[in-house]
Amino acid sequence: MINDDIEDLPTNPSDSRSFSDIIDARINRRSVISGGALGLASFFVGSAIGGSRASADGHEGDAGESLGFDAIPTRAADGIALPAGYVGQPIMAWGDPIDGRAPRFAKDASNPAEHQERQFGQGHDGMFFYPLGPNRDSSTRGMIAVNHEYTLGQLTFPDGRDNWNQNKTRKEQAGHGVTVAEIRQQRDGGWKVVPSPRARRITPNTKMRLTGPAAGHRLLQTDGFDGTWSRGTVNNCGSGKTPWGTYLTTEENFNGYFWEETGGTASGISEEQAGINARYGVGGRGFGYLWASTDTNWRADLEPNRPNTFGWMVEIDPYSQEVAAKRTALGRFKHEGAAFLTAPTGEVVVYMGDDQRFDYYYKFVSARPWADDIAAGKSPLDEGTLYVAKFNDDGTADWLPLVHGQGPLTADNGFADQGDVLVKTRLAADLLGATPMDRPEWTTTNESTGDVFLACTNNTRRGREDAVADDGTPLFEATPGRFVPSIADAANPRLFNAFGHIIKANEGGDATATTFNWEIFILAGDAASGATVEDDDIFGAPDGLYLDPFGVLWIQTDGGQPDGSNNQMLACDPDSGEIKRFFVGPNDCEVTGATMTPDGTTLFINIQHPGDSGTPEDPTATSAWPDGDPDGRPRPATVAIRRLDGGRVGT
Ligand code: FEO
Ligand code: CA
Ligand code: CA
C-alpha cells in the first residue's frame, strides 16, 4: 500500500525496518565517533538550563517543583500504564459522537459516512483545551480541538479497503480533519463529551479561506475557486494554541492523498508545477489512499494546482463556528506543529518544523504587535516575515528571511512575488542554504526564558550514500533530484540517527532576532547509541513536545524504542535535566498531543493508531485498546489523566 518515502505515518515500511535501522545505528556509530561529530555535539550537551517556568497552555505557572511521582518502567503490553496514584480515562475515541449522544460507534465499523461526519475522526494527534466559564478559565469545562491525522482503511470498514466506492471515500475523508467538542468534568472526576452549539467537524471537504500574501495567487486557483478559498484540510498532525486563544492545525503529509500517475509534465502539468510536485512528494498514487478513484479533487493530473492548496497552517476558532483560514504567511511545507513566543515589542513569533528527512526548521514573526492586530480585527498571522534556520557548528544559528526580492529569491530563480516564495517555501529555503535536519517535529516554548525546544525524531538516511559530490562528500537524494550532504553536523550529530534528539534554542530575550544560540538538549536512545539519558530513562523517536504551564517538559514518542517497548511519554525538568517515564501506551500506538486544564489537574494526551503494527492486513491483531473487546477494533482516543488525590499532574 505504501511507498518507501513516507515518513511519520504508522504504516510506513521504514517503521517496520526500525530494528535493522537500530542495528545499523549501533554499528555505524563508531564511525560517527571516530569522525568526531558526536564529540562536537557533546560539547553542547547538558549545559545548565536556567530561568523560571512558563507555559505552553496559556498562563504563567508556579516556580520550580520537581517531578513528584515514581517513574514507571518500559513495557510492551496492551493497555496504558501510569505511575501509582494516577488514573487515565479514555475519552473521545474514534467514532464517538461529537455531541456525546448519537450516532454511536458500531464495533464492526459499519457506521456510514454520514455518521462519521458527526463522530470523532481517526488518527488523534495535536490537541488543545480551551476553557469555558465566565472568565474562560474553567478547569472543569471547556472546548477541546483535536486533530485527526489519517485513517487506516483496513480498520474503517467491515470489509476493509475491498470493494472501494464513493461512500468509502467520503467516510475516510470524514475520518480526517479536526473535531471541536465540548467536554465537562463529572462529579466523579471523569470527563465526558457534552452537547454544544460550538461543536463541529472540519474535514477535507470543509470550505475554508486562504489568507495572507499568497491568497488569490495563480498557483492556488483551482476549479471553481479563485485562490482565496480552498476545499478542506488534510493530514492534520501537530497543533498550536495562539496567544489570542485560537487553534492552529497543521497540514503535514498532504501529498500522500493525491494521484499523479502520468509523472512530470506528461499530462500537461507545467514544468514549474512538476518541480513543485517533486519537492513536495506529489506523484504516483501517493501513500495509497483510494480517494482519487472516486473523487477527482485528488487527481493532481486533472487539477494541477490542488496540491498547492495544502501544506499550510490552518487557524480555527474553537469558541465559534467561524470559517477556518489557511494562513499562507506561515509558509507551505509538511507542517508538524506550532509554538509561540511574544517578543518584548509585542510581535507574535511562531516556531515550526517541516517533518521530512533533511528538511528545515522555520519561524514566522508578525509585522505588528499581535494584540494591536487582534484589536483591529485582523489576523496577526497574515502579515510578517517567514525565516528558515541555518545552524552553525559553533552553537550559533541564523534565521534567513524568505522574502521576495532578497538574495536569490527573484523572478530569475522562479520567485516572481511573495506568493511564489510561500507556495514554494521549500524550494526558496533550498536556495537560501538552510540546514537539512533530522525530521523536525514538534516545538514547544518557555515564555519566561525564551527557550524553544525542537524534536528531531530520527533520520536513518543520514549517512546513506546515493551519490558523491566532486569534493568527495557523500550525498543522499532526499527528494527526487535534490541531493543533500549525507554527513553529520553539530545540530544533527549522528549518522543513522535511529532514535532522534531534542534541540534547545534561545534568541537572547528578543524572539524577533535573526540569530539564535542552540545546544543539543538530549540525544535520545540507549547507551549503545550514544544517548545522553540514564539507562532507566531510555526512549527513542521524540515527536510531541509540551512544556506545561507549571514547567514540566513532556516528551512523547512515535517510533522504534531502544528496547523494543511500546511508545511512551516522559516528564523532564528542563532546569535539572531530570527525566522520569510517566506513561506507556498500548501496543503499536504512538503517543501524541498534550494539553492541560488551567489548574493542571487534568492532562489530556492522545493515543494514535493502537494496534497498527505496520501490517495492513489485520490491525486488530495486536491491540484491543480502549474497548478491550476481542470482537471490536482498536480505536485512537484521548486519555484524560488525573491524580487520584486531585492534585496537579506531574509535579
Ligand atoms: Fe504527523 Fe511528523 O508527525
Ligand atoms: Ca513522528
Ligand atoms: Ca508527529
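Start at 1 and go down the list; that is how both ligands and their atoms are numbered. Nothing fancy with the numbering, it's 1 onward along the sequence. None of these values were measured; they are calculated from a predicted model.
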Item to check | Side-chain donor/acceptor of S623 to backbone N/O of P586, under 3.5 Å | outcome: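 No, because the side chain of S623 does not come within donor-acceptor range (under 3.5 Å) of the backbone of P586.
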Checklist entry - Would you find a donor on one side and an acceptor on the other, under 3.5 Å apart, between the side chain of T309 and the backbone of S230? => result no
Checklist outcome for this item: So CD1 of I607 and CD of E590: to nearest 0.5 Å the spacing works out to 9.0 Å
Next on the checklist: Report the atom name of the nearest N/O/S atom of E149 relative to atom 1 (Fe) of ligand 1.
Outcome noted: OE2
Next on the checklist: Need the atom name: nearest N/O/S atom of E252 to atom 1 (Fe) of ligand 1.
Outcome noted: OE1
Checklist entry - With a cut-off of 3.0 Å, does D125 place any N/O/S atom under that distance from the Ca ion (ligand 3)? => result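 Here the distance criterion (N, O or S atom, under 3.0 Å) is not met by D125, so no.
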Checklist entry - Has E336 got an N, O or S atom lying less than 3.0 Å from the Ca ion (ligand 3)? => result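 E336 does place an N, O or S atom closer than 3.0 Å to the Ca ion (ligand 3).
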Next on the checklist: Could you tell me if R581 sits above the aromatic ring of F539, with its cationic atom closer than 6.0 Å to the ring centre and no more than 45 degrees from the axis?
Outcome noted: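 No.
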Item to check | Contact check: D543 to atom 2 (Fe) of ligand 1, N/O/S below 2.8 Å | outcome: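 No, outside the cut-off.
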Checklist entry - Hey, is atom 2 (Fe) of ligand 1 within less than 2.8 Å of some N/O/S atom on D558? => result no
Using 4.0 Å as the upper bound for N to carboxylate O, is an ion pair formed by [Y] and [X]?
X: K334; Y: E336; answer: no
X: R426; Y: D354; answer: yes
X: R201; Y: E117; answer: no

Checklist entry - Taking atom 2 (Fe) of ligand 1 as the vertex, how big is the angle to OE1 in E441 and OE1 in E336, rounded to 10°? => result 80°
Checklist entry - Closest N/O/S atom of E441 to the Ca ion (ligand 3), by atom name? => result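 Atom name of the closest N, O or S in E441: OE1.
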Next on the checklist: At a threshold of 2.8 Å, where the distance has to be below it, does atom 1 (Fe) of ligand 1 have an N, O or S atom of D355 nearby?
Outcome noted: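 Within the cut-off used here (under 2.8 Å), D355 places no N, O or S atom near atom 1 (Fe) of ligand 1.
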